[in-house]
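Structure first, then comments.
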Number of protein chains: 2
Amino acid sequence: MRMSGGVEWAVHCCVVLTDVDQPVPAATLAKLHDVSMTYLAKQMQALARAGLVRSVQGKAGGYVLTRDPDEITVLDVVVAIEGVEPQFVCTEIRQRGPLGTPPEDCRTACPVAKAMLAAESAWRGALKAITIGDLGREVNRGAGRDALATIRTWFGGEAA
Amino acid sequence: MRMSGGVEWAVHCCVVLTDVDQPVPAATLAKLHDVSMTYLAKQMQALARAGLVRSVQGKAGGYVLTRDPDEITVLDVVVAIEGVEPQFVCTEIRQRGPLGTPPEDCRTACPVAKAMLAAESAWRGALKAITIGDLGREVNRGAGRDALATIRTWFGGEAA
DNA sequence: GCCAGCGTACTCGGATAAGTCATGTCCGAGTGATTCAGG
DNA sequence: CCTGAATCACTCGGACATGACTTATCCGAGTACGCTGGC
C-alpha cells in the first residue's frame, strides 16, 4: 500500500505554481526539482485532466493553477494522481462460503469494511483540511524568507 | 495506492478465531470463506510472523489467537500483512535542484511530508481504535444471532 | 510605419516499453495423534 | 489391561511462477510567437 511517488512531485509543483503569473513548462518544473522531465509531464497531465491546472500550449506555454491556491486541497492533488478508487474495497466475503450471510441480512455494511472506510475517511479528512496555499505559506515561514519569490524570479530567468 | 486484498481475509479470519477453543487449520478457514487455500495460508503465515496468531503443527493443528481479541487492533492486522513501511515516503525534493534548500535549513520536516504523515497518522489512529473483539461483537449484533457460535459449531463438524 | 501571412520552435498529449510488487501456487520439513505389538 | 515406540497422516513454512500496476520514455498534434514581405 505505497502511495505513488508522483504525488510528492505533483504537490510540490502545485506549491511553486502558487506564486507565478505566467505559465511554467513541465521542463522547467523538472529542472527545478531535478527529476525526470517526461515522468513529471505525465503527472502534470493528470493534474490537467483533473482540472487543477490549466495547460497553455505554444511557445510561452506551460501550466497555471486554475483557481486560488486556498481552494485546492492536498486531497484534490492526491486524488488527481492516484485516482478516486478507495484504498479498501469490500469483496463481501461474509456472503461467500457454506455459512455465508444471506443478502437480506446484509442491509448494513460489513463491520470490517466499516472500520476500514472510517479510517480512510479520517485520512481523507486530514488531507482535505490542508490547502496548497497553506503549504506555500509554511514553506516561506520555514525558510525564513520568501522562497517562492526566489523561485518565481528563477522562472523568469529560465524563460529568457 | 490500493490495499492488499489479503488484509480483508486476514481480518475476517481473526474475527472467526475469536470464539474458538481449538486450533483451526488454514484449509478450514479457506473453505469457510470460499477463497484460495494456498494464498490464505500465506496471509496466516504473516499473522504468525507478526505474533498475532500462534501456529500449531501436527494432526489437530491450526491457528489460534495469541491474546485476547480486545487486545488486537485492526491496525495490528493491517501492519502484519502490509508491512510497517509508511505509505508516504518523503524524498526530500526540496533539497534537490538548483534552488534546493540547504540541509541546515531543513531542521523541520518538509511541509508536504508533514501533511501526508499527519493524514496517515489519522488513518492509523482510526484503525487502532477498533479491536478484533469489537468486530466480533458487531458481527453478532448485525446478524441478530450468535453467528460466531454457529461457525464454531461448524468448525467442530469439519474437524471430525 | 503598419499589417498580413508564413515558418518555426516550443509546448502539451496520448500511446508505448521496462521494472517492481502483489497475487497465486507448489512441494518439503516438522509434529502430534493413532496404532499395534509386547509385557 | 497398560506401556512404549514406530508409523502415519496432517499441519505449517518457505521457495517458486504469473499478472497487474507503477515507473519511465518516446514521438506526434497543436499553437503562439517572431520574422519577412508587401502595402
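Throughout, a chain's letter reflects where its sequence line sits, starting with A, and its residues are numbered from 1.
- The nearest whole Å value for the distance from the CD atom in B/E85 to the P atom in C/dT20 is 16 Å.
- We find that CE of A/M1 is positioned 10 Å from P of C/dA22, with the value rounded to whole Å.
- When the nucleotides C/dC12, D/dT23, C/dT23 are ranked by their closest atom to the side chain of A/S4, D/dT23 comes out on top.
- Taking the charged nitrogens against the carboxylate oxygens, B/D70 and B/R137 do have a contact shorter than 4.0 Å, which makes a salt bridge.
- The nearest whole Å value for the distance from the CD atom in B/Q22 to the C1' atom in D/dT11 is 14 Å.
- The interatomic distance linking A/F155 (CZ) with C/dT11 (P) rounds to 13 Å, in whole Å.
- Ion pair B/D146/B/R152 not flagged as a salt bridge, since none of the NZ, NE, NH1 or NH2 atoms sits closer than 4.0 Å to an Asp/Glu carboxylate oxygen.
- Distances shown here put every side-chain N or O of A/S55 at or beyond 4.0 Å from the OP1 or OP2 atom of C/dT11.
- The CZ atom of A/R49 sits 14 Å away from the P atom of C/dC12 (whole-angstrom rounding).
- Side-chain atoms of A/E82 come within 3.5 Å of backbone atoms of B/M1 as a donor-acceptor pair (strictly under, hydrogens ignored).
- Between A/Y39 and the phosphate of C/dG19, there is no side-chain N or O to OP1/OP2 separation shorter than 4.0 Å.
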Show me the protein contacts with nucleotides 31-34 of chain C, counting only N or O atoms at under 3.5 Å.
none

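- Scored by the ring-ring contact (aromatic ring centres under 6.0 Å, His included) test, A/F88 finds no partners at all (sequence neighbours excluded).
- Counting heavy-atom neighbours within 6.0 Å of A/R2 CZ, excluding the residue itself, gives a total of 12 or less.
- Tested against B/I72 for a side chain to side chain contact (heavy atoms under 4.5 Å, CB included), the candidates B/L52, B/T131, B/V15 yield a single pass: B/L52.
- Taking only side-chain atoms of A/P25, from C-beta outward, the nucleotide of C/dT11, D/dC12, C/dC21 with the closest atom is C/dT11.
- The distance between atom OH of B/Y63 and atom C1' of D/dC10, rounded to the nearest whole Å, is 13 Å.
- If you take CE of B/M44 and C1' of C/dT23, they are 18 Å apart, rounded to a whole angstrom.
- Out of C/dC21, C/dA22, C/dC26, the shortest distance to the side chain of B/T38 is found at C/dC26.
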Restricting both atoms to N or O, compile the protein contacts to nucleotides 15-18 of chain D shorter than 3.5 Å, with distance only.
none

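- In this structure, A/I81 and A/W9 have side chains that are not in contact, with every pair of non-hydrogen atoms separated by 4.5 Å or more.
- The nucleotide whose nearest atom lies closest to any side-chain atom of B/S36 is, among C/dC12, C/dT25, C/dT23, C/dT25.
- Across the protein-nucleic acid pair, A/I81 atom CD1 and D/dT22 atom P stand 12 Å apart, rounded to whole Å.
- When side chains are defined from C-beta on, B/C110 counts as touching A/H12, because their heavy atoms get closer than 4.5 Å.
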